[in-house]
Protein chains: 2
Amino acid sequence: MALHDAQLVHQECSSCPIRHRAVCARCETDELERLEQIKYYRSYQAGQTVIWSGDRMDYVASVVTGIATLTQTMEDGRRQMVGLLLPSDFVGRPGRDNAAYDVTATTDLVMCCFRKKPFEDLMLRTPHIGQRLLEMTLDELDAAREWMLLLGRKTAREKIASLIAIIARRDATLKLRAAKGQITFDLPLTREEMADYLGLTLETVSRQISALRRDGVIHLEGKRHVTIPDFDRLIEEAGDDSDGGMVS
Amino acid sequence: MALHDAQLVHQECSSCPIRHRAVCARCETDELERLEQIKYYRSYQAGQTVIWSGDRMDYVASVVTGIATLTQTMEDGRRQMVGLLLPSDFVGRPGRDNAAYDVTATTDLVMCCFRKKPFEDLMLRTPHIGQRLLEMTLDELDAAREWMLLLGRKTAREKIASLIAIIARRDATLKLRAAKGQITFDLPLTREEMADYLGLTLETVSRQISALRRDGVIHLEGKRHVTIPDFDRLIEEAGDDSDGGMVS
DNA sequence: CGTCTTATTGACTCGTTTCAATTCAGGTGG
DNA sequence: CCACCTGAATTGAAACGAGTCAATAAGACG
């Protein structure tokens, strides 16, 4: 409610929560200053569409707080999520004028935006930005390939277990805790969004969550709050080899 | 047979068939000379494994001629292809020591290899390499996301139609012909490899190819040679919006 | 001409989807 | 404070698409 208009937030890069993970992570203080000059913030409330696929997009951005999704839609309405953006993740593509996917805020969202042209210019003069962006893009490509295995070959039950494990890990990373022992967190997605992530229907998602709960793999309080009594058991249900994509 | 040992092929970068599409595409002649000093060629015959997931990989490479695949395998043997590498595509990840996927030559294959350490050093001194690699990685990420839509939401028939359209387009790009009107090419993949690409079984692939042939969407001579009488019809069957990922 | 691999086809099974009916939780206003 | 309303989630029953298992066919090769 308080954030439905843009540009209400502002802060210094030096105290930014994503300072050391985002596209600016490798920048020296002088490079940061130049970025600081061209940046501005935008806020969206949960549920708002940030941009539609095909729309002109004259900026790129980092997610500062909150969660956003990238989705593709077919003419008949079938939807597939193709990206889940957490704090520090990058949105948009330098050198591209139009958005390739729908971007939606699933929680209240704050983004740190850079107008595309100045950002591209700065990239040419500041190798550290391009280097970090390459690293992040390669990470995303790895994640996408893990996701392809899930979509192409896993059963509904394994898909759900995998998603819960992914969220648990990311949550642990953000909170800087190890993803072992008793773990507790909130699902940031509705059943329908999970279905879009997993290539399932929301009914199947609901059924499989119920099944995992019945089997004691997860505990649920309300619809969103999850506790995982045994993380290894969850990983086993996900069908992953145990390392689980903890890419160095 | 003639190519089962490495280093049998060698040529100058200036006359290289992938000179203007690979990681080296943006390099000036002096930059190219430095690359030339650290490169070497490797050849594999069709069916050979280039590298196993998890193996140490002390080089990165470009595909010069032939086709390779990236696949992931679960413990119980389920396989999902996660990359289809054509001439000019890049293999390996700077900054990573072990292969993340199985790499297999599906046709006879020639790769232009760079030992990882010297390549990384050169990358730091040569922004053009990193810039091109970023561009290529972003393209791959887009392709992966298109692929995710296919895996998550398309029917078996749509998957087959999509794959044939993708191959037709790539074939047209390599031959520098427009992908319109009467199109003819060979499928570079076996039914099983197509199944691994599409998240299907080989039986379903076979059935759907037969169905598309019965319905006149494609013509088949032998098992591999395909003719497409009406490309728009094929695209329609693929369920894509007509632009079909011809991303600028 | 047999052998081996690759591909096709059929019959049946099973997992996920579809369609429909409740249930649940949160917020609003009487 | 409770009744009501709304959107989200759960659950059930039936339909359907893709998988499984098995038999046969078609090439490729020695």
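The figures here come from the full heavy-atom set of this structure, side chains too, leaving out hydrogens, waters and symmetry mates. The structure presented is a predicted model; accordingly, all values stated were derived computationally and were not measured.
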Given atom CD of E221(A) and atom C1' of dC24(C), what is their separation to the nearest angstrom?
16 Å
Whole-Å distance, Q208(A) CD to dG12(D) P, equals 14 Å
With the side chain of L202(B) defined as its heavy atoms from C-beta on, choose the nearest nucleotide among dT8(C), dT11(D), dA18(D).
dT8(C)
For a quick check of understanding: with a heavy-atom distance under 4.0 Å over all strands, which category does S206(B) fall into, base, sugar-phosphate or nothing?
base
Minimal non-hydrogen separation, L150(B) against K159(B), with atom names:
O-CE, 3.3 Å
Among the candidates dA18(D), dA26(D), dT9(C), find the nucleotide nearest to the side-chain atoms of R213(B).
dT9(C)
What is the distance from CG of L212(B) to P of dT8(C), rounded to the nearest Å?
12 Å
Once the angle between the rings of Y197(B) and W147(B) is folded into 0 to 90°, is it parallel (under 30°), tilted (30 to 60°) or perpendicular (over 60°)?
parallel
Nearest to the side chain of T201(B) - dT9(C), dT11(D), dT20(D)?
dT20(D)
Side chain proximity check, Y101(A) to V91(A), heavy atoms < 4.5 angstrom
no
Could you check which of dA9(D), dT11(D), dA18(D) has an atom nearest any side-chain atom of S210(A)?
dT11(D)
Value in whole Å for how far the C1' atom of dA18(D) lies from CZ of R157(B)
15 Å
Separation of atom CG in L189(A) from atom P in dA8(D), rounded to whole Å
14 Å
Name the closest nucleotide to the E203(B) side chain, picking from dC21(D), dG19(D), dA9(D).
dC21(D)
For E203(A) and R207(A), run salt bridge (charged side-chain N to carboxylate O under 4.0 Å, His left out): C-alpha distance rounded to whole Å, both residues' side-chain angles, the deciding distance at 0.1 Å, then the answer.
CA-CA 6 Å; E203(A) 292 96 328; R207(A) 272 187 254 274; 5.9 Å; no
With nearest nucleotides of DNA chain D determined for R214(A) and R153(A) from heavy-atom distances, which residue corresponds to the more 5′ nucleotide?
R214(A)
Which is true for G199(A) with a 4.0 Å heavy-atom rule: it touches a base, it touches only sugar-phosphate, or it touches nothing?
sugar-phosphate
Residue of the set H225(A), K223(A), R224(A) for which side chain to side chain donor-acceptor pair (under 3.5 Å) holds with D186(A):
H225(A)
Pick the nucleotide of DNA chain C nearest each of T190(B) and A156(A); which residue has the one closer to the 5' end?
T190(B)
What's the CD1-P distance between I209(B) and dT8(C), to the nearest Å?
6 Å
Counting side-chain heavy atoms from C-beta on, which of dA9(D), dT17(C), dA7(C) comes nearest to L200(A)?
dT17(C)
Could you state the CZ-P distance from R191(A) to dT16(C), rounded to the nearest angstrom?
17 Å
Just the rounded figure in Å: distance from C1' of dT16(C) to CZ of R78(A).
15 Å
Do R207(A) side-chain and dT18(C) base share a donor-acceptor contact under 3.5 Å?
yes
Candidates dA18(D), dA9(D), dT17(C) - which lies nearest the side chain of T204(A)
dT17(C)
